[in-house]
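Data first, discussion second: the structure below is written as C-alpha cells.
Note that the coordinates shown come from a computational prediction; the quantities given were computed from them, not determined experimentally. Quick note: numbers below take in every heavy atom, side chains included, and nothing from hydrogens, waters or symmetry partners.
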2 protein chains.
Amino acid sequence: MIQEKKRTFNVFAASKGLRSTRQRDNILDVFLATHQHVSVEELYLKVKAVSQGVGQATVYRTLKLFVEAGLAREILLHDGQTRYEHVLAGEHHDHLVCTGCNSIIEFENETIEQLQDEIAARHGFMIRSHKLEIYGLCSRCRT
Amino acid sequence: MIQEKKRTFNVFAASKGLRSTRQRDNILDVFLATHQHVSVEELYLKVKAVSQGVGQATVYRTLKLFVEAGLAREILLHDGQTRYEHVLAGEHHDHLVCTGCNSIIEFENETIEQLQDEIAARHGFMIRSHKLEIYGLCSRCRT
DNA sequence: CTAAAAATGAAAATGAGTATCAAAAGCAGG
DNA sequence: CCTGCTTTTGATACTCATTTTCATTTTTAG
C-alpha cells in the first residue's frame with residue numbers, strides 16, 4: 001500500500017494566489033530527488049513514470065514557478081535545452097563543462113564570488129545571480 | 001567608386017576544405033565591424049544592407065564556422081536568441097547583464113581568470129573557454 | 001577550361017517553449 | 001460537504017529560432 005506523503009509546508013502558499021496541487025507536488029518531489037541539471041523533458045519523463053496524469057506544459061509552467069519561488073535556477077548550456085538545478089540556501093556552485101563527454105563538474109570558489117561583488121560594486125550594479133561556466137575537456141577526454 | 005578590399009589572409013583556408021566566398025567575407029567584415037553581442041538576426045539585417053544576396057541560413061552557418069575557427073564565441077542570454085561576440089586574441093571579458101534594461105557592461109578580471117585556471121588544474125580539466133555572467137540591476141535600474 | 005567538391009538560397013522541417021481554452025480541481029464561506 | 005469563484009491543468013495549436021534539404025551556383029585543384 002502506497003503512503004501518500006503529506007507535504008509539511010506548502011511552498012506555493014507563500015506567494016500570491018498560488019495553489020498547491022497534486023501535479024506541483026509531484027513535480028517538486030521528483031525535482032528535489034533529482035541531482036543537478038535536469039532538462040524539462042527529463043523531468044517530464046520522470047514525473048510521468050511516477051504519476052500518470054501530468055502534462056508537459058505543466059512541467060514547463062511549474063519549473064518557471066520554481067525559479068520565481070527561488071527553488072530552482074535556469075542553466076543554459078549549448079544544446080538548446082534549458083536545464084534547471086536546485087537552489088540550496090546559501091550554496092552556489094559553478095560548472096566545468098566537458099565538451100567531450102558533456103559531463104559537468106561542480107565547484108565553488110568563495111574568492112571568485114567576492115571578486116564579483118567588488119566588480120559589481122564598482123559599477124553600481126546590484127547582483128541578483130550569476131553563472132560561471134568553464135568549457136573544455138575533462139581529464140578523461142583530454143587524451 | 002567602391003574599392004573591393006582584398007582580404008590579406010584567408011581565415012578559412014586554414015581549416016580542412018573550407019572555401020573563401022563573397023558571402024563569408026561580407027559576413028566577416030560586418031561581424032568584425034560590429035561591437036559586442038550581435039544576434040544572428042541583427043547580423044543578417046546588417047549584411048543584407050551591405051550586399052543583397054546573402055541568405056539567413058548562410059549567416060547561421062557562417063557564424064558557427066567563426067566559432068569553430070575561434071573568431072567568435074556564442075553567448076546565451078535568456079531571451080532565446082543566440083548572440084555572438086568577437087574573440088580577440090588574448091582578450092576576454094565577462095558580463096554584467098542588467099535584467100532591467102538588458103544593457104551589458106563588460107569587465108575583465110585577471111584574478112578571476114587565474115583562479116579558474118587553478119580550479120581547472122585541480123580537476124585535471126583543460127580549459128577551452130569560459131563564460132561568466134552576472135545578472136542583476138544596473139545603477140540606473142536599481143531605484 | 002573542366003570536373004569534383006563545397007557553398008548557397010529558398011523553402012520546408014524541426015523542436016523547444018508558449019498560448020489558448022474548455023474542463024477539472026482547489027479553496028473559502030456557509 | 002455544497003456553492004460559487006478562481007486557479008490550474010492537459011491537449012493541442014502555435015510561435016519562432018535554428019537546421020535541414022536539395023537543386024543550383026560558385027570555388028578550386030589540376
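Taking only side-chain atoms of B:Leu18, from C-beta outward, the nucleotide of D:dT9, D:dT8, C:dA7 with the closest atom is C:dA7. For B:Thr58, taking side-chain heavy atoms from C-beta onward, the closest of the listed nucleotides C:dT8, D:dA17, C:dA10 is C:dT8. You'll find that the side chain of A:Arg61 is closest to C:dT20, out of C:dT8, D:dT18, C:dT20. Distance from the side chain of B:Arg19 is smallest for D:dT27 among the nucleotides D:dT27, D:dT12, C:dG26.
Whole-Å rounding puts the B:Leu65 CG to C:dT8 C1' distance at 13 Å. Protein atom CZ of B:Arg24 is 11 Å distant from nucleotide atom P of C:dG9, rounded to whole Å. Put simply, CD on B:Gln52 is 17 Å from P on C:dT8, counting in whole angstrom units. Note: CG (B:Asn26) to C1' (C:dT8) measures 13 Å, nearest angstrom. The distance from atom OH of B:Tyr44 to atom P of D:dT18 is 14 Å, rounded to the nearest whole Å. Distance A:Gln81 CD to C:dT14 P: 17 Å, rounded to the nearest Å. Atoms CG (A:Leu76) and P (D:dT18) sit 12 Å apart, rounded to a whole Å. As a whole-Å value, the separation of A:Leu43 CG from C:dA16 P is 15 Å.
Side-chain atoms of A:Glu133 and A:His78 form no donor-acceptor pair, as typed in the model, at a separation below 3.5 Å. Defined by atom type and a distance below 3.5 Å, a donor-acceptor pair is missing between the side-chain atoms of A:Gln23 and A:Thr58.
Between A:Gln56 and D:dT9, a side-chain N or O to OP1/OP2 separation shorter than 4.0 Å is absent. The shortest distance between the side-chain N/O atoms of B:Arg22 and the OP1/OP2 oxygens of D:dT27 is not below 4.0 Å. Taking side-chain N and O atoms only, A:Thr82 has a distance below 4.0 Å to OP1 or OP2 of C:dG17. Contact annotation: A:Tyr60 reaches the phosphate of C:dG17 (side-chain N/O to OP1 or OP2, under 4.0 Å). For C:dT18, one of the phosphate oxygens OP1 or OP2 lies less than 4.0 angstrom from a side-chain nitrogen or oxygen of A:Lys64. For B:Thr21, no side-chain nitrogen or oxygen approaches OP1 or OP2 of D:dT26 to under 4.0 Å.
Two residues, B:Ala57 and B:Asp79, neighbour DNA chain D, and the one matched to the more 5' nucleotide by heavy-atom proximity is B:Asp79. Mapping A:Val54 and B:Gly80 onto DNA chain D by nearest heavy atom places A:Val54 closer to the 5' end of the strand.
Environment of CZ in A:Arg140: sparse, with no more than 12 heavy atoms of neighbouring residues, nucleotides or ligands closer than 6.0 Å.
Between B:Glu74 and B:Lys131 no salt bridge is recorded (no basic side-chain N to carboxylate O distance below 4.0 Å).
For the pair A:Glu113/A:Asp94, a side-chain contact is recorded, criterion being any heavy-atom separation below 4.5 Å from C-beta on.
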